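Right, one structure below, let's go through it.
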Amino acid sequence: MDLLENLNRQQSEAVSAGPGQTLVLAGPGSGKTRVLTRRIAYLIDQMGVRPYNILAVTFTNKAAREMGSRIEDLLGPNRLSGVWLGTFHSICARILRREAGSGLLPFDSNFVIFDADDQVSIVRQVIKDLNINDKIHRPTSLHAAISDAKNNMIGVKDYPARNYREEVVLRVYEQYEKALRANNAVDFDDLLLWTVRLLAETPQVRETYARKFEHVLVDEFQDTNMAQYEMLRHLASAHQNIFVVGDEDQSIYRWRGADYRNVLRFEKDYPGARKILLEQNYRSTQSVLDAARAVIDRNRHRTPKRLFTERGAGSKLIYYEAPDERAEAAYIIDAIRNQMSSGAAKGRDFAVMYRTNAQSRLIEEAFLHAGMPYRLVGAQRFYGRREVKDIIAFLRLVHNPADEVSLSRVINVPPRAIGAKTYETLISLARGADQKAADILADLGRSGSASLYWDKLGGRASAALANFGMMLAAWRALLVNGGSLPSLFDRILTDTRYREYIEDGSEEGRDRWENVDELRRLAFEYSEHGLDEFLENLALVSDQDTIRESDDAPTLLTLHAAKGLEFNQVFITGLDEGLLPHSRSLEDDEEMAEERRLFYVGITRAKNQVYLLRSEQRSLYGSFAYQDASRFLNDIPESLLQSQSPRASRAQRASAWDGADRWDSRSTWGQPEKEASRQSYRANVGSRAYSGPQPIQRSAPVIETQYKPMMRVSHNSWGEGIVLESKVEDGDEILKVHFESVGMKQLVASLAKLKIIS
DNA sequence: TCGTGACTGTTTTTT
DNA sequence: ACAGTCACGA
Ligand SMILES: Nc1ncnc2c1ncn2[C@@H]1O[C@H](COP(=O)(O)OP(=O)(O)OP(=O)(O)O)[C@@H](O)[C@H]1O
């Protein structure tokens, strides 16, 4: 077929652009992805570029798969083999896997990729080892700080320690890195970071890849981070053929280090780049585009883009304000069911989008209740399950015996009398002997009571450990002797009697076994690829990538996951102040701007119809809260909206208050004191979290303490107390207070909202 | 060592 | 609401 067919002038200019750098900057639905896809096909078919010499980067694995199959549709089968097509992370894993044997990297090529949970548990361990207060320095926030540094290519050596907080981060960062190396593991950020280091510091490696990749292409360029940008520069350094497409207004991953200013950087670093603007939107109706435009126009510092459509005016956006979340979900079900039963639409025409994964729950329930199928994207529904993680841990351990995170996870699963104490001893014994825990296990397994370690651990513990060591050794032997992945998988299940362990006859046990079985099916699919690839995929290919295209059912997904997709009709739910924009983003202008872009991305996924939904009342942490309509709704002109809210009637408000009454009385009857105060505390947190832009007082660094010993203070939930001690740490005032109700508490002054009584 | 009940927090989004 | 953590007794 003619590869320039069905493209407008600008599009075909981009597809057939000559060598050098090309930046395609264009709004939603203007065909950026289509252009990139065609470009690859064009390079291969028309320019005679060999697939092997092409690198194409997409944002998700799913996008990569889709792009691959589109190109094959264009070119015919097998014309694409050898092309490097994937996410930044998978491309990096591939490079590192190849290069890890060379001694240039601090891990060998059996390295494992630690997932988010593994990473945080390493941080937890480090915090414990360093005796750091995990109430003040939350493991997740320390991890976020480390990840942030890595995304900006700040290594341990470069990390500034300009204040107390940074000093803590630095200490944790240092140990965290050590732990990863000891585990022969990398985290997601390492994949990028080490690749960049390798390319930057080793000319011959850089040359190899830069020569190989005659053409580098990147989708969703606005969401690249610093490390990714550097990596691209290195990879394109020989041929300088780099083709990127993006839209600053759709940048929604700032929190992960992405920086849309990479677009500016690109223009600066490649002054000769040709810039192509696409202005026709092929996806949406005028109403959808007008609404989207109205929303995004309120962001400052942006270059407005021209965008027109020939798809006609279309229908207005429908707005529905539900009295509560159930009604919100019910509305969705009704709207979908009506159109499906009249034959006006099919299941796959619809998408339901939300800000947070937690919101999917009620919507799912509504679908289930109505007996309607749906497709849920992401949300850790499968890979997050304990049983799934257990099995993966066993497999990882076989693959990489140095993986102590996995070891600690499963050494006593199912329970085999190896408790925390024994494990600790094992680890410290290993540290002392400069050995890996796995080696000691192996030794115990091999030599039994003749082992050096037997006596040190005691007979009972040693016997249990030796047993485990033997099991592990047998699995490794199976693998080394060329045993297949399925046989290893099954061997692990039988040896551990995992099924007996989880199938306890309950509904839940059955569920769990089904998950294990599902993982087993996956493993069988990978039988010819082997364990390495299976594990790599488990780490990199997540729930996010598993939408079954074949199913004809509405899709439920977060706004983030919706990026790059399109649907006939889109429901955007939870348009409440505090949810979208999220309460976490209220105080920072940049974050607020990103919330707005997120909404913009949501709207622009729709071809024909957008539904904007919200709920006056929403449950939160067991309690509930009212919130205002999202500020973003005000930005859409009335003339584009058709409200379907039943005039918020007195009856509804009354019933809402009913709820409050019930809740109140129940909590005060039940367990008078404690329960009541706890509940009111909850209610308080709730209303604060969702009561719109009241700035939570965020203090400038404290120099002098505001509270002094012996002061009487009052706390929202704990009542009155006496300050015992006050000190300044990390720019915050840390108090020790003795409360009448709960006794001694340590708290952070700026967060606790204490009232001074005397 | 393991199972239990009480206690506590819950940072959105994801490779 | 709910799950993960903790302290305690068996
Ligand atoms: N020249 C064209 N003729 C007809 N349809 C087109 C043309 N270009 C793009 N489209 C269609 O428009 C829709 C949007 O295209 P595409 O997904 O490539 O846009 P995009 O710019 O990547 O969007 P977004 O930035 O919103 O992800 C697709 O359905 C695509 O098939």
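So that the names make sense, note that chain A is the first sequence line, chain B the second, and so on, each numbered from 1. What you see is a predicted model, and the numbers here were worked out from it, not measured in a lab.
Salt-bridge annotation for Asp532(A) and Arg97(A): absent, with no side-chain N of the basic residue lying under 4.0 Å from a carboxylate O of the acidic one. A salt bridge does not link Arg94(A) with Glu536(A): none of the charged nitrogens is closer than 4.0 Å to a carboxylate oxygen. Salt-bridge check for Glu594(A) with Arg597(A): passed, with a basic side-chain N closer than 4.0 Å to an acidic carboxylate O.
Out of dT1(B), dT15(B), dT14(B), the shortest distance to the side chain of Thr422(A) is found at dT1(B). Checking dC2(C), dT11(B), dT15(B) against every side-chain atom of Phe188(A), the shortest atom distance belongs to dT15(B). Checking dT12(B), dT15(B), dT14(B) against every side-chain atom of Glu591(A), the shortest atom distance belongs to dT12(B). Distances were taken from every side-chain heavy atom of Glu595(A) (C-beta onward) to each of dT11(B), dT14(B), dT12(B); the shortest belongs to dT12(B). The side chain of Thr60(A) approaches dT15(B) more closely than any other nucleotide in the set dT10(B), dT11(B), dT15(B).
Taking 4.0 angstrom as the limit, Asn412(A) places a side-chain polar atom (N or O) nearer than this to OP1 or OP2 of dC2(B). One finds no side-chain N or O of Asn151(A) lying less than 4.0 angstrom from the OP1 or OP2 phosphate oxygen of dT15(B). Not one side-chain nitrogen or oxygen of Arg138(A) sits closer than 4.0 Å to the OP1 or OP2 atom of dG9(B). A sub-4.0 Å separation between OP1 or OP2 of dT15(B) and a side-chain N or O of Asn61(A) is absent.
Spacing between dT13(B) and dG4(C) at atom P, rounded to whole Å, works out to 15 Å.
Evaluation of Trp255(A) against the base of dT13(B) yields a stacking contact (centre distance < 5.5 Å, interplanar angle < 30°).
Aromatic pair Tyr501(A)/Tyr498(A): ring centres closer than 6.0 Å.
The separation between Asp115(A) atom CG and dT15(B) atom P is 12 Å, rounded to whole Å. Tyr253(A) places its OH atom 11 Å from the C1' atom of dT12(B), with the value rounded to the nearest Å.
Not a single donor-acceptor pair, N or O on each side, falls under 3.5 Å between the base of dT12(B) and the side chain of Arg584(A).
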